[in-house]
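Counting starts at 1 for both ligands and their atoms, in listed order. Quick note: numbers below take in every heavy atom, side chains included, and nothing from hydrogens, waters or symmetry partners.
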Amino acid sequence: MKKFITLAKKLYPINRSITGKGVVKTLKIIKASHLPKLKIKKIKSGTSVYDWKIPPEWNIKNAFIKDESGKKIIDYKKNNLHIVSYSKKINKYVDKKELNKHLFSIPKKPKAIPYVTSYYKTFWGFCLAHQERKKIKGKKFFVHINSNFNNKGFLSYGELYLKGKSSKEILITTYVCHPSMANDEVSGPVVATFVAKYFKNLKNKYSLRFIFIPETIGAIAYIHKHYKKLKKNIIASYCLSCIGDDRSYSIILSKYGSALSDSTALEALKKLKIKYKKYSFLHRGSDERQFNSPGVEIPMTVISRTKFGNYPEYHTSLDNFEVVTEKGLKGGFKVVKKIIDLFQNKIIPVSTVVCEPMLSKRKLYPTTSTLRKNQIHQNEKNILHFMSYSDGKNDLERISTLINLPINKVTKIFKFLIKRNLISEL
Ligand code: ZN
């Protein structure tokens, strides 16, 4: 059975936005079909979150445009991309000039309905394929949008926490706010769901947290609500976006490109012998923008198949199941699973002392009497090198590279120091 695509096709038709029933329906399907312990949580509209405010909850029942003959020339019920997300209520006749100010199409992609939003500016609008727009005739049009803004509504999100042996955790985030598009929407939640499902019954070394949030405002709200806990526990975090096409593999590194999440993702791709494209943080676009931002500084790496913006169907109705396939989704799953698998065996040492330890006081060289003086010196140096990089940001492999010492020697130092309580494991 094609299990990934089955869930993707269930989620695809839902009209999602940053708030509203579509988000909740999406989360309920994931919960009912695969992750019964997924918690669906909500934050009130109007809540201040850093520089932002949770917008009113937006829902829409119907939207269409009729021409003079009464024929529907655009019908939201045929494709939810036809409506600009967060369009206001309207019920009136407009002339063609007025109508054109509210229509969106892409002349260079005549068959594609574009994806347009207007979350924070009161507006109404429709999107359509350019080839359909050219067919529009007449002078007068009847526009109907039956939408609703609820100031007492909520922004909803989903969260699943899998407790591991360590309270330190790996965060996987994905978004649930785009309407009917396959790669830039449902691929992320689908892959995250199957990764969570795979690990939920295993004894994991690190705790795993999966969040399904509306992009940008959801991430900001989530960080605002959980900042201290996130800062304390997260050792690596990933954003899954556009992870279901079978064209390529991509990674966007965290802000400085040197986080444990970056090196582990690169290690996974290398071990899987996968060719990939590596992008710097300057190519960011999803919730890594918020997690890596000043004041938050939780390094987040993006895992994608073909990166957002880099495929021709992006943000249009052409982003469908010709773009996203079972094979594509499984490829995305394989990479994320491998990353978490690697963490299961990682040893991340943390110094138990502040500043350098006083080595002489601790008699750390019991065998050194047999060594020559320069070797003694080098052993001491290696210990201090090891301690310097034992800041919870590196595993043994990375320390081995950083201090130019073979992994077997690094492992020996680790065992030596842990016995003497100078190091603990994250
Ligand atoms: Zn997008």
query = Does Lys327 pair with Asp246 as a salt bridge, N-O distance under 4.0 Å?
reply = yes

query = Quick one: side chain to side chain donor-acceptor pair (under 3.5 Å) partners of Lys338, sequence neighbours excluded?
reply = none

key: Pair listing, ring pair (Phe, Tyr, Trp, His ring centres under 6.0 Å) test, anchored in residues 13-32, at least two apart   = none

note = Checked the Zn ion (ligand 1): protein N, O or S atoms closer than 2.8 Å come out as His178 NE2, Asp184 OD2, His315 NE2

message = With ring pair (Phe, Tyr, Trp, His ring centres under 6.0 Å) as the rule and sequence neighbours excluded, what pairs involving residues 157-185 come up?
response = Tyr115-His178, Tyr157-Tyr222, Tyr175-His178, His178-His315

message = With a 6.0 Å cut-off on the ring centroids, do Phe126 and Phe104 count as close?
response = no

ask   = Any chance the rings of Phe64 and His144 have centres within less than 6.0 Å?
value = yes

